[in-house]
Trainee: 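Attaching a single structure in structure tokens format; questions to follow.
Here is the naming used below: chain letters follow the sequence lines, and residue numbers restart at 1 for every chain.
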2 protein chains.
Amino acid sequence: FSVSCSLMEGRSKLMEFPFVSSAHKNLMVDLVSTLENRFHSHLLPCSLPPDVQFYQNHSSTAQASLHITPATNNSPVDFVLGSWVHSELPTGGSLDITSLSAYLSSSTDAPNFVFEMIRSSPTMLVLILDLPPRKDLVLWPDDLKTFYEDTQLDTHRQALLRVPEVQPYFSSSLYIRTVSSPTAIMVRILTETGGAQRMEDIIRDHLDPISKQVLGIWLDHCACANRQVGEADQAYLRKRDALIRNKTLEIDLASSFPRLFGPEVANRVLEAIKEYFTV
Amino acid sequence: FSVSCSLMEGRSKLMEFPFVSSAHKNLMVDLVSTLENRFHSHLLPCSLPPDVQFYQNHSSTAQASLHITPATNNSPVDFVLGSWVHSELPTGGSLDITSLSAYLSSSTDAPNFVFEMIRSSPTMLVLILDLPPRKDLVLWPDDLKTFYEDTQLDTHRQALLRVPEVQPYFSSSLYIRTVSSPTAIMVRILTETGGAQRMEDIIRDHLDPISKQVLGIWLDHCACANRQVGEADQAYLRKRDALIRNKTLEIDLASSFPRLFGPEVANRVLEAIKEYFTV
């Protein structure tokens, strides 16, 4: 009883998104709920230990929630990962990262879903919203057409870039750029003139509808697409998925986590994530 | 005698770059010369028919020069392609495209070289400068490190983007985005305030040194790298090279050439290029 109770607390903790603005929290809660509702019958309870579902550093200046829901064997979904990280900055502000990603299994070759909002001040936001391909699209132009051209994904990126405060963002990691799709939304939003309120307006009026439309495209045209994948292609997907998961874990987490949470906590969390990231 | 004479005329015609500004022409001439000098002993004469080395539409409002120099069998280079296209626009201005690209053979897995300047007015320029990878860098992170990280390629893209008039450019073709590298320089330069003179200054002070540095990196660290490529990898390279060449020819030329030069001329030129593009 205590275990399942702690599991439900893990999800509640995730859904609190306690350190971000209301527009930011609303968007995150809506995206997580939409994904969970669509795959309700596929998703198993989160089985992460309680001290990985929620963790912090010794001084509690850095806190984080992590929620991983694996899917049943016959699901196209491998697992869904939601998280938030909050860390006070030496400068007085805070760094807040909220993310939601969904990884598909090798029974399908459709793209994954990645969503991440990174705020280092009330007037600065980096958004990464992408359906990263799981095959080399240079060799599979038909997949480029099916998942990216026919779905008109790029129109959403273009719409967002028409907002004056929105600029293209280039990750400092070349590997992150390499795994992203040709329609990846990677933008930096600066509202120094309009302040925190203008950022709220942009999240509510632009990021919110665009993110939901892109998630809708992923749900309808990728995650739920009926794909026939032969054995050779499954082996290829497993190899490529494994490489991407290892490298992104290394780049995203292994570098910053020890600094934020101390080596002991960081190691515990990374080891727990690795179990799901193994293909 | 008349044939070799016409061949030399073909190269002279290319090197005229007759419709572009002096800074633009100087840059093109320097890049072509640098590439030719480095591979002097490898390059064979251009064997394109004279009416493909230079061609125009019926009313002479569109003219173009094309120069393809194949390399000897033991060269890492497959062929080098230089060209310019000039077309008067119905609005009174003109469209000018100058380009230089070098394709490597399947004896090496190093990236190719692509350089293209597209001007549709004296104050608007699109630059594409890239070393497009020939392998899926997601699966070959060591190659990402060797050719893109260790060579500090991205510093040149970053330097160019610090010029106020320079903005990231996204090709309307998702396939073109897909074949490009994570350090691809794809920018749009607008000098409406500073006029044509400011564009000349930007070409001379920024595009010129940056383009030469990137070409230098390609010559020293890619084209002349000593790479051991096994038979399976050679087959993979041939397949991927062939796909990229066919698709880019289709996207770049097959769509716009008939409109600019009429179907008969366009077809003649495309058929001639295809012979070199076949892997």
Side-chain angles (χ1 to χ4, degrees), chain A residues 112 130-155 157-158 160-161 166-188 235-248 250-251, chain B residues 112 130-155 157-158 160-161 166-188 235-248 250-251:
Chain A
N112 289 330
D130 193 20
L131 311 188
R134 293 169 61 226
K135 294 159 85 176
D136 177 12
L137 296 176
V138 170
L139 282 178
W140 277 277
D142 290 349
D143 286 24
L144 179 68
K145 185 171 184 301
T146 303
F147 296 122
Y148 300 93
E149 289 172 353
D150 293 349
T151 55
Q152 307 272 308
L153 259 175
D154 205 46
T155 56
R157 192 190 62 80
Q158 291 170 24
L160 192 55
L161 278 167
V166 178
Q167 294 292 327
Y169 166 78
F170 295 86
S171 168
S172 59
S173 158
L174 298 189
Y175 196 78
I176 297 294
R177 294 187 205 168
T178 301
V179 298
S180 68
S181 83
T183 59
I185 295 177
M186 295 193 167
V187 295
R188 172 181 276 123
Y236 167 82
L237 287 166
R238 275 193 295 270
K239 183 182 174 188
R240 205 171 183 277
D241 284 347
L243 248 165
I244 293 176
R245 293 179 188 187
N246 282 334
K247 287 289 288 183
T248 49
E250 197 182 292
I251 295 162
Chain B
N112 289 330
D130 193 20
L131 311 188
R134 292 169 62 227
K135 293 159 86 177
D136 177 13
L137 296 176
V138 171
L139 282 179
W140 277 277
D142 290 349
D143 287 24
L144 179 67
K145 185 171 184 302
T146 304
F147 296 122
Y148 301 95
E149 288 173 354
D150 293 349
T151 54
Q152 306 272 307
L153 258 175
D154 205 47
T155 56
R157 192 190 60 81
Q158 291 170 24
L160 192 54
L161 278 167
V166 177
Q167 294 293 326
Y169 166 76
F170 295 86
S171 168
S172 61
S173 158
L174 298 189
Y175 196 79
I176 297 295
R177 293 187 205 169
T178 300
V179 298
S180 68
S181 85
T183 59
I185 295 178
M186 294 193 168
V187 295
R188 171 181 277 125
Y236 167 82
L237 287 166
R238 275 193 294 270
K239 183 182 174 187
R240 204 170 183 278
D241 284 348
L243 248 165
I244 293 176
R245 293 178 187 187
N246 282 334
K247 287 289 290 185
T248 49
E250 197 181 292
I251 294 162

Trainee: Any chance you could lay out the side chain to side chain contact (heavy atoms under 4.5 Å, CB included) test for B/Lys247 and A/Leu144, step after step, and finish with the verdict?
Mentor: CA-CA 12 Å; B/Lys247 287 289 290 185; A/Leu144 179 68; over 6 Å; no
Trainee: Could you please spell out the steps behind the side chain to side chain contact (heavy atoms under 4.5 Å, CB included) verdict for B/Leu243 and A/Leu139?
Mentor: CA-CA 7 Å; B/Leu243 248 165; A/Leu139 282 178; 3.6 Å; yes
Trainee: Does any backbone or side-chain atom of A/Leu137 lie under 4.5 Å from a heavy atom of chain B? Answer side chain, backbone, both or neither.
Mentor: both
Trainee: Let me know if A/Thr183 has heavy atoms under 4.5 Å from chain B in its side chain, its backbone, both or neither.
Mentor: both
Trainee: With respect to chain A, which residue among B/Ile176, B/Val138, B/Leu161 yields the maximal number of heavy-atom pairs within a distance under 4.5 Å?
Mentor: B/Val138
Trainee: Sort out for me which of A/Lys145, A/Gln158, A/Glu149 touches chain B most, counting heavy-atom pairs under 4.5 Å.
Mentor: A/Glu149
Trainee: Check salt bridge (charged side-chain N to carboxylate O under 4.0 Å, His left out) between B/Asp241 and all other residues, then give those that pass, not counting sequence neighbours.
Mentor: B/Arg134
Trainee: Under 4.5 Å, counting heavy-atom pairs only, tell me which of A/Ile244, A/Asp154, A/Val179 racks up the most with chain B.
Mentor: A/Asp154
Trainee: At their closest point, which heavy atom of A/Leu174 faces which heavy atom of B/Pro182, and how far apart are they?
Mentor: O-CB, 3.8 Å
Trainee: Given the ring of B/Tyr148, does A/Arg177 sit roughly above its face, with NZ or CZ under 6.0 Å from the centre of the six-membered ring and within 45° of the axis?
Mentor: no
Trainee: B/Lys239: which residues meet the salt bridge (charged side-chain N to carboxylate O under 4.0 Å, His left out) condition with it, sequence neighbours left out?
Mentor: none
